[in-house]
Asker: 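Dropping the structure in here first, questions after.
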4 protein chains.
Amino acid sequence: MPKLKDQNKVNAIHKATIELVTKTGFSGLKMAEVAKKSGIATGTLYVYYKSKEELINDVYLVTKEEIAGAIINPEYLKDTFYETFKAMWHGYFGYCMQYPEKMLFVEQFIYSGYISEVNIAKADAHFEPLDQFLIQGQQNNHIKDISVEILKAHLQGSVHEIVKMHVRGDIQLEEDGMHICFNMAWDSIKT
Amino acid sequence: MPKLKDQNKVNAIHKATIELVTKTGFSGLKMAEVAKKSGIATGTLYVYYKSKEELINDVYLVTKEEIAGAIINPEYLKDTFYETFKAMWHGYFGYCMQYPEKMLFVEQFIYSGYISEVNIAKADAHFEPLDQFLIQGQQNNHIKDISVEILKAHLQGSVHEIVKMHVRGDIQLEEDGMHICFNMAWDSIKT
Amino acid sequence: MPKLKDQNKVNAIHKATIELVTKTGFSGLKMAEVAKKSGIATGTLYVYYKSKEELINDVYLVTKEEIAGAIINPEYLKDTFYETFKAMWHGYFGYCMQYPEKMLFVEQFIYSGYISEVNIAKADAHFEPLDQFLIQGQQNNHIKDISVEILKAHLQGSVHEIVKMHVRGDIQLEEDGMHICFNMAWDSIKT
Amino acid sequence: MPKLKDQNKVNAIHKATIELVTKTGFSGLKMAEVAKKSGIATGTLYVYYKSKEELINDVYLVTKEEIAGAIINPEYLKDTFYETFKAMWHGYFGYCMQYPEKMLFVEQFIYSGYISEVNIAKADAHFEPLDQFLIQGQQNNHIKDISVEILKAHLQGSVHEIVKMHVRGDIQLEEDGMHICFNMAWDSIKT
DNA sequence: AATGAATGAGTGTTCATTCAT
DNA sequence: TATGAATGAACACTCATTCAT
């Protein structure tokens, strides 16, 4: 957790960290580069974070929360399960298209042991309402009766991979590309 | 006359590289650790690969080819598109479940610039038959008429994410779990 | 009108410096720690001392003067040379036992070049009366006719080492331990 | 403990360490300087010692053993207690005069917590024969019946301080200076 | 070919000192 | 005067790569 000193600096540090980690991975992240990109001195970085690990973990937590907000949004609550799901899916897909670095950052280290399990759990807690929503959909027979974890993995994996290919330039998402993708997602889980 | 290079050593090096990269990422990979895990001296590693980058690229190429083989297999050719697709999907899913490190290794660096574009293209070429198969499926109206790249990304992303959650222990894949996952995959692309 | 500098703060700084230097040596002394232990901000420390070196030198000077006062004291002037010497020796030994950190601090850097020669000389000047006293003892044939510098080194070295072992817990000084030590000191120099 | 690679390098490293520590203390010791003074690269230093602390501790152990050898020497065993003590004292005094840096190095950190207690004890064990010799001297009524630890501290402190003053140039030890100093030492402990 | 000690540029982190408030 | 955030040079330690054997 950063000492609350200058929120502008914290933001700049987060931004720089996300961009650099996306390019080089955690091990390749250089504190000096983070500092430079943030417009501060190396030493100053350590005024805000006492180690590289703490920095990574903090950025992870904040980003995960932001992502949860991109999916779980009061405005997305519609009359039908389908409509709500559609809004949420588009919320997430749109977020990933807009901030692919954040998506990549968050994806990058869950399997590497750099983020503490405690923080992973803490971040996951923000997605609880999503679980509830999906379970209700199952109870009302809107979607297949599959473990929620599998459902989420399936949906998220699809979105991530498509966005990654898009970022790489391997995929040109036409105007209706997003809708086509959504249709695949919906068809895969609907009853 | 011995082979120029000792294939046993090459295999050990590949195995060590894959396991270590999975845990630490490319930047975190230490040549000394690779050597130790391979049972050879540091200097010997450089007899086989002239740099870390070359090592990574070679392992990438070999692994990608192996993966292609897990999908594209004469035995998988069945009477119907559905049956063939099913065999291929299970071939890939099974491979990922068996060798998650290889899946993670290959996934890890495509977006990081460590693998040369030339090698990415070279590896992708092995999947050409898959593209052909999918396009035929579209022409015969078995599956949705969506950019093949998107189709592949969607299917692969789903598989990868599910396997990752399984490896992490967040998902318990019951006996019929694989079939459930396949159903989602098929439902998402079928016409 | 307040004093230019707050003497309470100066005292706190001196105390903190002595305790910390004893534990870590001059190079290991951290200005931030001195400040914290003194109950002031880092920047404030620089209001009182313009550098670490100046701080060390000032503490050295003040402490050396205090030590001189522990030896050279009008109350210690007795009727005989022996009695006076005894009082002085006990004054010094008692001081070292009471303030071993100060003894260690002063001892620590004389051979390290951190204290300027000018300040060493300035501090040594306070011991001039001791030299006179010893010389007189020699002229009156009370003690051996040895270079005063050697005499002082011999006596001081013995006291310091014994106190150090005591502080380390390697020596238990019984009630009469001090007298035994004094007897060694006296026997070594008496004619 | 150093890996036994190249004893010449180990010797050079020890020499450099002792000289530098004497000047700057443990905290001020720079690994890069040790390497340079030893004629090796920084990284090489870490081939021999895995950390600064391990280096210091090893040098301490080796030096302490050497010092023990300077006092406890079969050649010093004479017919009388006095003659033997005299030989030992001169052995130690001579050693300190010849290698004052080693004397200072060893003295420097016992009170600083840098040398592990285990190693201090290990080093002290080499002085056990000296303890036995002094105890016998007490039993045979040659010297005062004082705690051996105090005796050693007294004798050692005197020698160290005199040598330090000599090194600093504050004392000129004439030809017979050593004998004068020995006389003080003997007079202080004889019965 | 195989070895592993040697190298030195590079990285995370610290800390004396400065400076805006 | 007092503060403590900011600075950046410096340092312990690492690691890809080389090279003598």
Side-chain angles (χ1 to χ4, degrees), chain A residues 3-6 9 24 27-36 38-55, chain B residues 2-6 9 26-36 38-56, chain C residues 2-6 9 26-36 38-56, chain D residues 3-6 9 24 27-36 38-55:
Chain A
K3 301 164 201 163
L4 249 333
K5 314 249 154 123
D6 181 336
K9 289 211 180 73
T24 62
S27 306
L29 181 71
K30 292 165 201 164
M31 295 301 266
E33 278 186 15
V34 173
K36 196 175 180 186
S38 308
I40 61 177
T42 322
T44 310
L45 190 47
Y46 284 84
V47 171
Y48 288 80
Y49 296 99
K50 77 165 188 283
S51 73
K52 186 170 154 178
E53 184 148 4
E54 198 180 82
L55 166 62
Chain B
K3 294 174 210 161
L4 185 57
K5 302 284 164 84
D6 181 338
K9 288 212 180 80
F26 177 81
S27 307
L29 182 72
K30 294 166 199 170
M31 295 299 268
E33 278 188 15
V34 173
K36 196 176 179 188
S38 309
I40 61 177
T42 322
T44 312
L45 189 48
Y46 282 84
V47 170
Y48 288 78
Y49 295 100
K50 78 164 193 280
S51 74
K52 184 170 156 179
E53 185 148 3
E54 198 179 80
L55 166 62
I56 292 280
Chain C
K3 296 175 211 162
L4 185 55
K5 301 283 165 81
D6 181 337
K9 288 212 180 78
F26 177 81
S27 305
L29 182 73
K30 295 167 198 167
M31 294 301 267
E33 276 186 18
V34 173
K36 197 176 178 188
S38 310
I40 61 177
T42 321
T44 310
L45 188 48
Y46 281 84
V47 170
Y48 288 78
Y49 295 99
K50 79 164 191 282
S51 74
K52 186 170 155 179
E53 185 148 3
E54 197 179 81
L55 166 61
I56 292 280
Chain D
K3 302 164 201 161
L4 251 330
K5 314 248 154 121
D6 181 339
K9 288 211 180 75
T24 62
S27 307
L29 181 71
K30 292 165 202 165
M31 293 301 267
E33 279 186 17
V34 173
K36 197 175 178 186
S38 309
I40 61 177
T42 321
T44 310
L45 189 47
Y46 284 86
V47 170
Y48 289 80
Y49 295 99
K50 77 165 191 283
S51 72
K52 185 171 153 177
E53 185 149 3
E54 198 180 81
L55 166 62

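Computation of the quantities below employed the complete heavy-atom set of this structure, encompassing side-chain atoms and omitting hydrogens, waters and symmetry-equivalent molecules. Everything numeric in this text was worked out from a predicted model, so none of it was measured. Residue numbers start from 1 in every chain, and the chains themselves are labelled A, B, ... in the order their sequence lines are given, proteins ahead of strands.
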Asker: Whole Å only: how far is the OH atom of D/Tyr49 from the P atom of E/dA5?
Answerer: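 So the OH-P distance, D/Tyr49 to E/dA5, works out to 15 Å.
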
Asker: Specify the residue among D/Glu33 and A/Leu45 whose closest nucleotide of DNA chain F lies further upstream toward the 5′ end.
Answerer: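 Its nucleotide being nearer the 5' end, the pick is A/Leu45.
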
Asker: Of the options E/dA2, F/dA6, E/dG4, whose atoms approach the side-chain atoms of B/Ala41 most closely?
Answerer: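 Closest nucleotide among those given: E/dG4.
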
Asker: Going by salt bridge (charged side-chain N to carboxylate O under 4.0 Å, His left out), name the residues that satisfy it together with D/Lys36, two or more places apart in sequence or in a different chain.
Answerer: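 If we apply the salt bridge (charged side-chain N to carboxylate O under 4.0 Å, His left out) test to D/Lys36, skipping adjacent residues, there are no hits.
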
Asker: So do C/Asp6 and C/Tyr48 actually touch side chain to side chain, heavy atoms under 4.5 Å?
Answerer: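 C/Tyr48 reaches C/Asp6 side chain to side chain.
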
Asker: Just compare F/dA6, E/dG4, E/dT7 and give me whichever is closest to any side-chain atom of D/Val47.
Answerer: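 So the nucleotide nearest the side chain must be E/dT7.
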
Asker: To the nearest 0.5 Å, tell me how far C/Met31 CE sits from C/Ser38 OG.
Answerer: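 Here the interatomic distance stands at 9.5 Å.
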
Asker: Quick test: give all pairs of protein nitrogen or oxygen and nucleotides 9-13 of chain E nitrogen or oxygen below 3.5 Å, distance rounded to 0.1 Å.
Answerer:
residue	atom	partner	partner atom	Å
E/dT11	OP1	A/Lys30	NZ	3.1
E/dG12	OP1	A/Leu29	O	2.6
E/dG12	OP1	A/Lys52	NZ	3.2
E/dG12	OP2	A/Met31	N	3.0
E/dT13	OP2	A/Tyr46	OH	2.7
E/dT13	OP2	A/Lys52	N	3.0
E/dT13	O5'	A/Tyr46	OH	3.4

Asker: Just how far is it from atom OG1 of B/Thr42 to atom OH of B/Tyr46, taken to the nearest 0.5 Å?
Answerer: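 So the OG1 of B/Thr42 and the OH of B/Tyr46 are separated by 8.5 Å.
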
Asker: Take the protein atom OH of B/Tyr48 and the nucleotide atom P of F/dT18, then report the distance between them rounded to whole Å.
Answerer: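 In whole Å, F/dT18 P lies 18 Å from B/Tyr48 OH.
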
Asker: In this structure, how many angstroms lie between the P atom of E/dT17 and the CG atom of C/Leu55, rounded?
Answerer: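 Atom-to-atom, C/Leu55 to E/dT17, this comes out as 10 Å.
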
Asker: Nearest whole Å is fine: how far is E/dA5 C1' from B/Ile40 CD1?
Answerer: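 The distance from CD1 of B/Ile40 to C1' of E/dA5 comes to 17 Å, rounded to the nearest Å.
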
Asker: Does C/Leu29 form a side chain to side chain contact (heavy atoms under 4.5 Å, CB included) with C/Ile56? I'd like the steps, not just the answer.
Answerer: CA-CA 10 Å; C/Leu29 182 73; C/Ile56 292 280; 3.8 Å; yes

Asker: Sub-3.5 Å donor-acceptor pair from the side chain of B/Ser27 to the main-chain atoms of A/Thr24, do we have one?
Answerer: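 Side chain of B/Ser27 to backbone of A/Thr24, a donor-acceptor pair under 3.5 Å: yes, one is there.
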
Asker: Would you give the length of the straight line joining atom NZ of C/Lys52 to atom CZ of C/Phe26, rounded to the nearest 0.5 angstrom?
Answerer: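 With rounding to 0.5 Å, NZ (C/Lys52) is 5.0 Å from CZ (C/Phe26).
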
Asker: Are any of D/Thr44's side-chain N or O atoms less than 4.0 Å away from OP1 or OP2 of E/dT7?
Answerer: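 Answer is yes, contact under 4.0 Å.
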
Asker: Would you sketch DNA chain E in dot-bracket for me? Only Watson-Crick or G-U wobble pairs with both distances under 3.5 Å count, crossing pairs as [ ], other-strand pairs as |, the rest as dots.
Answerer: .||||||||||||||||||||

Asker: If you look at every strand shown and take non-hydrogen atoms under 4.0 Å, does B/Lys9 touch a base, only sugar-phosphate, or nothing?
Answerer: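 Sugar-phosphate, backbone atoms only, no base.
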
Asker: List the atom of A/Tyr49, the atom of A/Glu54, and the distance in Å for their closest heavy-atom pair.
Answerer: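 Of all heavy-atom pairs spanning A/Tyr49 and A/Glu54, the closest is CA-OE1, 3.8 Å.
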
